[in-house]
Amino acid sequence: MNRKQHTIRKPVSYKGNGLHSGMPVTMTMHPAKPGTGILFRRSDLPGMPEVPADSRYITSTMRATTLEKGPAKVFTVEHLLSALYALNIDNCIIEMDSPEPPVGDGSAKTFVDMVEEAGIEEQDEEIPILTLDRSVAIYEGKKFITALPYDGLRITFTSINPHPLLGTQMVDIVIDHDSYMKEIASARTIGFTWELEAMRKMGLGKGGTLENAVVYSETECLSVPRFKDELVRHKILDILGDISLIGPLHAHIIAVLGSHKLNAELSEKLQALKK
């Protein structure tokens, strides 16, 4: 099964700081020819090296997804990739003068707004959609993620968290432009006060605030939530960003207590089915 490829109509830029590095970054999305794919270009490095948004270039999944090819390294790319994937942007060159995209408001909304500002252009060439004839699954203790044959893209995510304000949350959603914009795009990363100190010691979370993350203490929520189940909606946002690395997909993805690591392992198995 195929569909037409898409790119953006004109370049669009955004300045901000990275979520984990806290480093300032100017990011510009450029239109690209059919067959280019999503390419990250490091304009701050000699020769402006590039790394494709492809599962074969994943080098780390700790707290975020990292892509690396030679000197070109980018990390925490999943929110940006989620927005491009949900809006069917197949070809785009993302130029950055730092290794981490801007955090924006902590969700994918900043990047969705950029695409909407640039406009979407349908291209003449087609791109294949991976369709499944059997299920694929990854298990890790109580956690799992599976992809089942499905006509379209649907994600069911269950989160079980011991925090008194979180508990068990489940969202089941068929992903299209409208459902993504309304239900998923603006969901932000969840954080806990007791994790923040450890993250800072690891050099992570330096750009995080109570506005671009939903932060919980042991007894209360220190941020203003956008959804009562923002945690699980953001997990779906992350899955879309991570799974985008294999290209267009028709499947029903079901995850319980998922992670970037499990998403990457599922992408690897799905990538193998394309050969």
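Since this is a predicted model, take the numbers as computed values, not measurements.
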Between [Y] and [X], is the closest basic N to carboxylate O distance under 4.0 Å?
X    : Y    : result
D172 : R154 : yes
E265 : K269 : no
D90  : R3   : yes
E50  : K69  : no
D229 : R233 : yes
R226 : D105 : yes

Should we count [atom1] of [X] as having more than 12 external heavy atoms under 6.0 Å?
X    : atom1 : value
N2   : CG    : yes
K4   : NZ    : yes
E268 : CD    : no

What's the separation between atom CG in D238 and atom CD1 in I243, rounded to the nearest 0.5 Å? 12.0 Å
Kindly compute the distance separating OG (S217) from CG (L165), expressed to the nearest 0.5 Å.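 Separation between the atoms: 8.0 Å.
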Find out whether [X] and [Y] are in side-chain contact, i.e. whether some heavy atom of one side chain is under 4.5 Å from a heavy atom of the other.
X    : Y    : answer
K33  : N91  : no
V25  : N17  : no
F192 : H163 : yes
E218 : T193 : no

Looking at every heavy atom in both Y180 and A83, which two are closest together, and how far apart are they?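 The pair with the smallest heavy-atom distance is OH-N, 3.4 Å.
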For the student: nearest non-hydrogen atoms of T61 and H260, plus distance: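 So the minimum-distance heavy-atom pair works out to O-CB, 3.6 Å.
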Start with the C-alpha gap between K109 and D113, add the side-chain angles, then the distance that decides, and say whether salt bridge (Lys or Arg N to Asp or Glu O under 4.0 Å) holds. CA-CA 6 Å; K109 188 176 184 309; D113 290 347; 3.0 Å; yes
